[in-house]
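Note on naming: letters A, B, ... go to the chains in the order of the sequence lines (proteins, then strands), and numbering restarts at 1 for each one. Atoms considered below: every heavy atom in the structure, side chains included; atoms not considered: hydrogens, waters and symmetry mates. Being a predicted model, the structure only gives us computed values, none of them experimental.
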Protein chains: 2
Amino acid sequence: MDATDRRLLDLLRVDGRAGWAELGERVGLSASAVRRRVDRLSARGVITGFTVQVDPDAETGPGVEAYVELFCRGTVAPGELQRMLSAVPEVVSAGTITGEADAIVHLRSRDVRALEDALERLRMAANVDHTRSAVVLSRLVHRSA
Amino acid sequence: MDATDRRLLDLLRVDGRAGWAELGERVGLSASAVRRRVDRLSARGVITGFTVQVDPDAETGPGVEAYVELFCRGTVAPGELQRMLSAVPEVVSAGTITGEADAIVHLRSRDVRALEDALERLRMAANVDHTRSAVVLSRLVHRSA
DNA sequence: GTTGAAAGCGTGGTGAC
DNA sequence: GTCACCACGCTTTCAAC
C-alpha cells in the first residue's frame, strides 16, 4: 500500500472502467504491473468491488434531500444519537462535528412530507434543543463510497 | 428505461467492470445491444459514472471526514460546480442548498493533509468566495444506499 | 519480492443490415 | 435489435532487476 496504490485508487474512483494501459501511463507503470497491484488490493480487501453510479432520481422519481444540523443541550452522547439516527430510514449519513452545531445529518426521502416526519423524529430525541435544515436544490455529486 | 435496463443496472452495480458480452448473455441480448443501452443510459444521465468501491478503513485506517459549505460570488453555475467537484476524489457527495451557503460538500480523506489539499482545490474553483468547514468527530451512520 | 516486453487472443467499438 | 469486421487492449508468459 504505497503512493502508487493510492493514485490508482483515486483514478479508479473517477473512472472505474479505465483501462489498465491508460492507468499505467498515468502512474508510470506498465499495464501488467497495474493489474497485479489492483488484484492485490482486491485480495487484501481494500478494493471491495467495482460498481456503476446511478442517479437516484431515475429509479423512484425525484426525491428530496436535506442536511440538518443538530444543536443539543448540555453534553452529547454519541451512542444515544447513533441509536436514534439508525432508527430513521431517511438518514443517509450522520456524524458529530466541530463548529456551532453538535451533529450533522444527511436525509433523503421520497417527498417533502416524509422529510418533515423524519425531521420531527430527530427533534424528539433526547438532548436535541433545535435543528437547522438546508434543503438540497440540485444534487451535484453522489458516490456510493 | 424498461425492465432490461433495470436488470443491466443491477448487474453493473454488482460488477461495474463486467464485459458487454457477459452482460448480454445474462439479459438475453448481444454485446453491441448492451453497449447501446448503457451508452443511452449514460447520455440520459441515469448512469453518472463508474467507480471502485474501497473499504474506507482498510485503506489507511479511520480517515478524516468533513462537511464544507461553499459561499459563492454572484450567480452559481451548477454545471461548472459539478465538473469541479467530480474531479476531486475526496468528494463523497455534494449539492446546492437553501440557506446562507450556496452548496455543501461532504469530504472524506485519509488524513488531515489530504483534506486540506482537497479543500484548497474547492476554493480555487470559479466563483467560490469562501468556505466554512466542520470536521467530523465520530461517524454515526453511513448507509451505502 | 518487484517489474517490463512480447505474443496470442479475447473484447470493445463501429458500421451495415 | 443482430451480425460481421478490425483494431485495440487485456492476459499470460518469460526474463530481468
Side-chain angles (χ1 to χ4, degrees), chain A residues 1-61 141-145, chain B residues 1-61 63 79 82-83 86-89 109-111 113-114:
Chain A
M1 190 61 184
D2 57 1
T4 304
D5 283 336
R6 273 185 284 272
R7 285 200 59 196
L8 285 174
L9 289 177
D10 283 345
L11 292 170
L12 284 172
R13 265 191 263 259
V14 176
D15 181 10
R17 283 189 81 97
W20 310 127
E22 180 191 344
L23 293 169
E25 68 183 40
R26 299 189 81 175
V27 301
L29 262 65
S30 69
S32 54
V34 169
R35 183 171 213 289
R36 272 191 286 267
R37 295 181 92 105
V38 172
D39 283 345
R40 202 180 58 203
L41 289 172
S42 299
R44 284 190 176 185
V46 178
I47 290 178
T48 58
F50 293 88
T51 188
V52 63
Q53 295 172 299
V54 179
D55 182 359
D57 292 354
E59 289 184 302
T60 57
V141 179
H142 190 71
R143 301 198 173 100
S144 47
Chain B
M1 190 64 184
D2 57 0
T4 305
D5 283 337
R6 270 184 283 272
R7 283 203 61 197
L8 285 175
L9 288 178
D10 285 342
L11 292 170
L12 284 172
R13 263 190 265 259
V14 176
D15 182 10
R17 286 187 78 99
W20 310 128
E22 181 190 344
L23 293 169
E25 70 182 38
R26 301 190 82 173
V27 300
L29 262 63
S30 69
S32 51
V34 169
R35 177 165 220 288
R36 285 203 177 91
R37 281 179 173 268
V38 173
D39 281 346
R40 206 180 62 212
L41 289 172
S42 298
R44 292 179 59 184
V46 178
I47 291 177
T48 59
F50 293 88
T51 189
V52 63
Q53 293 173 304
V54 178
D55 181 358
D57 294 342
E59 190 178 1
T60 54
Q82 181 163 23
R83 279 192 299 276
S86 300
V88 181
S109 63
R110 53 187 194 82
D111 55 32
R113 174 59 185 272

Checklist line | Within residues 2-12 of chain B or reaching into it, pairs that qualify as salt bridge (charged side-chain N to carboxylate O under 4.0 Å, His left out) - sequence neighbours excluded | finding: D2(B)-R37(B), D5(B)-R37(B), D5(B)-R40(B), D10(B)-R13(B)
For residues 17-27 of chain B, dump all side-chain donor-acceptor pairs below 3.5 Å to protein atoms at least two apart in sequence or in another chain.
residue : atom : partner : partner atom : Å
R17(B)  : NH1  : G16(A)  : O            : 2.8
R17(B)  : NH1  : A18(A)  : O            : 3.2
R17(B)  : NH2  : A18(A)  : O            : 3.1

Check: In whole angstrom, what separates W20(B)'s CH2 from dT14(C)'s C1'?
Finding: 15 Å
Note to self: Measure CG/L23(B) against P/dG10(C) and give the value in whole Å, please.
What the structure shows: 19 Å
Notebook entry, point to check: When you measure from every atom of DNA chain D, which of residues 10-17 of chain A have a heavy atom less than 4.0 Å away?
Noted result: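 Those residues: none at all.
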Report all interatomic pairs (protein N or O, nucleotide N or O of nucleotides 15-17 of chain C) with separations under 3.5 Å.
residue : atom : partner : partner atom : Å
dG15(C) : O6   : R36(B)  : NH2          : 3.4
dA16(C) : N6   : R36(B)  : NH2          : 3.4

Notebook entry, point to check: Of E22(B) and G28(A), whose closest DNA chain C nucleotide lies nearer the 5' terminus?
Noted result: G28(A)
Checklist line | Spacing of CD belonging to Q53(B) relative to OG belonging to S42(A), to within rounding of 0.5 Å | finding: 11.0 Å
Margin query: Going 5' to 3' along DNA chain D, between which two nucleotides do contacts with chain B fall, using a heavy-atom cut-off of 4.0 Å?
Written below: dG1(D) to dC3(D)
Note to self: What's the angle between the local helix axes at either end of the helix from dG1(C)-dC17(D) to dC17(C)-dG1(D), using five pairs per end and rounding to 10 degrees?
What the structure shows: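 The value is 30°.
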Residue pair [X] / [Y], side-chain heavy-atom distance below 4.5 Å:
X: L9(A); Y: V46(A); answer: yes
X: M1(A); Y: L41(A); answer: yes
X: L8(A); Y: L29(A); answer: no

Next item on the list: Mark yes or no for whether T48(A), through its side chain, and D55(B), through its backbone, hold a donor-acceptor pair below 3.5 Å.
Entry: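 Not confirmed, T48(A) side chain does not pair with D55(B) backbone.
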Item checked: Candidate pair V52(B) and V38(A), rule side chain to side chain contact (heavy atoms under 4.5 Å, CB included), full reasoning -> CA-CA 11 Å; V52(B) 63; V38(A) 172; over 6 Å; no
Checklist line | Nearest heavy atoms of P89(B) and A87(B), plus distance in Å | finding: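 It is CD-O, 3.4 Å.
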Next item on the list: Would you tell me if any nitrogen or oxygen in the side chain of R35(B) comes within less than 4.0 Å of OP1 or OP2 on dG12(C)?
Entry: no
